[in-house]
Amino acid sequence: MLSNQAAESGKRKSLHGHWSSRMAFVLAVTGSAVGLGNVWKFPYVAGQNGGGAFVIVYLLCVVLVGMPVMMSEILIGRRGRRNPVATMALLGEEEGSSKRWQWVGGMGVLAGIMILSFYSVIAGWTLAYIVKSATGVFTGADAATVGAQFDGFVGDWRAVAFCHTLFMGLTIFVVMRGVERGLEQAVRFMVPALLVLMLVLLGYSVTSGHFGEGLSFMFTPDFSKLSWDSVLAAMGQAFFTLSIGMGAIMAYGAYLPEETSIMGASGAVVTADTLIAILAGLVIFPLVFANGLDPADGPGLVFQTLPLALGQMPGGAFFSTLFFILLSFAAWTSALGLMEPAVAWVVERFSKTRAQAAIIIGGMIWLLGFGTVFSFNVLADVSFYKGTIFLNLDHLTNNIMLPLGGLFIAVFAGWIMCRNSTAEELGGAGFFYRIWRLLARFVVPVGILFVFLKAVGLLPDLS
Ligand code: TRP
C-alpha cells in the first residue's frame, strides 16, 4: 500500500514511501480508529459512567475536539513527512518556534508503546474467544457459566500470556513486512464486514425484548449523574477511539499524497468510527438488561454479553466465532497504527530497517504487556492510584497523555503554524477552514484544559 513513488507535487518526500491512493489512506486510518475502543471499550466505559450523559459528552468531544485534532495531525504529518518526533522538530523550527516541539512527538511514541502493551492483552482475549466460540463452549450456556468462563480464563496468566504473545507476534510480523498489501486487504474487508455483522447482531438485540431499555440507557441523559471524572473519561474515550493525540495519525499523514482532501478523509473516518461505536452500544446494552447483567461490569462486558446471547441463538457458535474473528482483525489493524510512531522513529533516528525496528519495539511492548497480563490474576490485588497496573496504564494514556498530546497538537497547528501553511494543507482558507481554525485555536485547548482542571478539582463549582 505504500508505493515508493513520492507524491507528485510533494515538496518533501517520506522515507517510508506513500499511500498508493486516497482510499488506501482512508482505509488505513479507519483501520486504526475502528478497534477494541469501539466494541470492547466504549460500551463498558459508557456503562461505568452512567450511560446517556456520558454518550452525549463523548459525541460532543468527537465533533468539537476529535475532528479538528485529527485534521491537525494529518496536516502536520503531511507537511513534515517524517516520524512524529522529527516532524515536530522540523516544523517547530520552520515555523519560527523551537525544536523542542519534538517532545510532543516523543510523548506520542511513548503513549503508543504503553497503549499497545495493554491493547495486545485484550486482543489476545479476543483470539482465545474465537476458539472458545468455535468449539461450542458457549452453546446453550447460562450467564453464570459464561461469567465463570471469563473469570477462569483471565485468571490463568499462562493462557492470557500465550494469547498476548500470539497477538504481538502477528502484529510484529505485519509491521516488519512494511505494511504492504496485507493490511489494505484486511481493512477493505474487515470494516464493512464488521459493520454488517453489527447490524445482524442489532437485529437480534432489537428482538431481545429489552431494546427500549438499552436505548434509553444510552441516550437518556441524566447530567446529575455525570462527574467531571466522567467527562474526562468521555474525552479520553474520544481520543482513544479516534487514535488521535499520540502522533499515529501524524505518522500515517506523512505518507499521504499532496492532493488528498484532509477534511474529507477525516470526516469519513470519524463517521465510520462513531457509527461502529454506537452500534456496539446498541447491540450490547439490550443484551445486558435482557440477561440481568450490570452495565458497569467493566472490561469483561463484551466477553460476557455476546457469547451468552449468541449461545442461545440458532447458529450462535458460528456468529460468535465470526464476531471474535472480526474483532481480532479490527484490533490487529489498530495495533499496527499504535506501533507506527515508535517504529518510524527508530527507523529514522537509529538507521534501522523496518524489520529490526518492529522487533525491538514489539519486544519491548510484549515485555511491558506482562504488567497487564498479571493485572487480572497474580497481581490482581496489587492496587495503587487508580487500581491495578492495567487500570493505571489505561488512565494515564487515555485520560492524560492523549488529551495532553491533542492539546499541544492543536496549539501547534492553530497558533505556531502560520495561516498560510495550514490553509495550504487544508485546501484554501474557506468557510470550513475558518471553522477548523477556530476550533483548533480556542475550543480544543480551552476545552481540554477546562476538563483537566475540573477533573482534578482545581476549578470551583459555580452552582
Ligand atoms: N483507536 C483504537 C481503537 O479504538 C485504539 C488506538 C488508540 C489506536 N490510539 C491509537 C490505534 C493509535 C492506532 C493508533 O481500538
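Read the numbers this way: they start at 1 and go in the same order the structure lists the ligands and their atoms. The model shown is predicted, which means the values in this text are computed figures rather than measured ones.
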Which option wins on minimum heavy-atom distance to atom 13 (C) of ligand 1: G247, A331, P341, S334? S334

As a check for students: among G35, S243, G108, identify the option with a heavy atom nearest to atom 9 (N) of ligand 1. S243

Return the option from A251, G31, S32 holding the heavy atom at the smallest distance from atom 2 (C) of ligand 1. S32

List ligand 1 atoms under 4.0 Å from G337, heavy atoms only on the residue side. 13 (C), 14 (C)

Please work out whether the ring planes of F138 and Y129 are parallel, tilted or perpendicular, with thresholds of 30° and 60°. parallel

Side-chain H-bond candidate by donor/acceptor type, Q237 with K41, under 3.5 Å: no

Return yes if some donor-acceptor pair links the side-chain N/O of S421 with the main-chain N/O of M417 below 3.5 Å, else return no. no

Per-atom filter on ligand 1: closer than 4.0 angstrom to a heavy atom of Y119 are 2 (C), 3 (C), 5 (C), 15 (O)

Quick one: nearest non-hydrogen protein atom to atom 5 (C) of ligand 1, plus distance? F240 O, 3.5 Å

Indicate, with yes or no, if the rings of F432 and W436 have centres closer together than 6.0 Å. no

Charged N to carboxylate O under 4.0 angstrom, E425 versus R78? yes

For A33, the ligand 1 atoms whose distance to one of its heavy atoms is below 4.0 Å: 1 (N), 2 (C), 3 (C), 4 (O)

Checking contacts here: is it the side chain or the backbone of A248 that comes within 4.0 Å of ligand 1, counting heavy atoms only? Could be both or neither. side chain

Could you check whether N38 and D273, counting side-chain N and O atoms only, form a donor-acceptor pair closer than 3.5 Å? yes

Taking only non-hydrogen atoms of L36 and a 4.0 Å limit, the atoms of ligand 1 in range are 15 (O)

Give the residue, atom name and distance (to 0.1 Å) of the protein heavy atom nearest atom 10 (C) of ligand 1. L338 CD2, 3.2 Å

What atoms of ligand 1 come closer than 4.0 angstrom to any heavy atom of G37? 3 (C), 4 (O), 15 (O)

Is it true that S230 and S227 share a donor-acceptor pair across their side chains at a distance under 3.5 Å? yes

Got more than 12 heavy atoms from elsewhere within 6.0 Å of CH2, W103? no

Atoms of ligand 1 close to M246 [distance to a heavy atom under 4.0 angstrom, numbered from 1]: 9 (N), 10 (C), 12 (C)

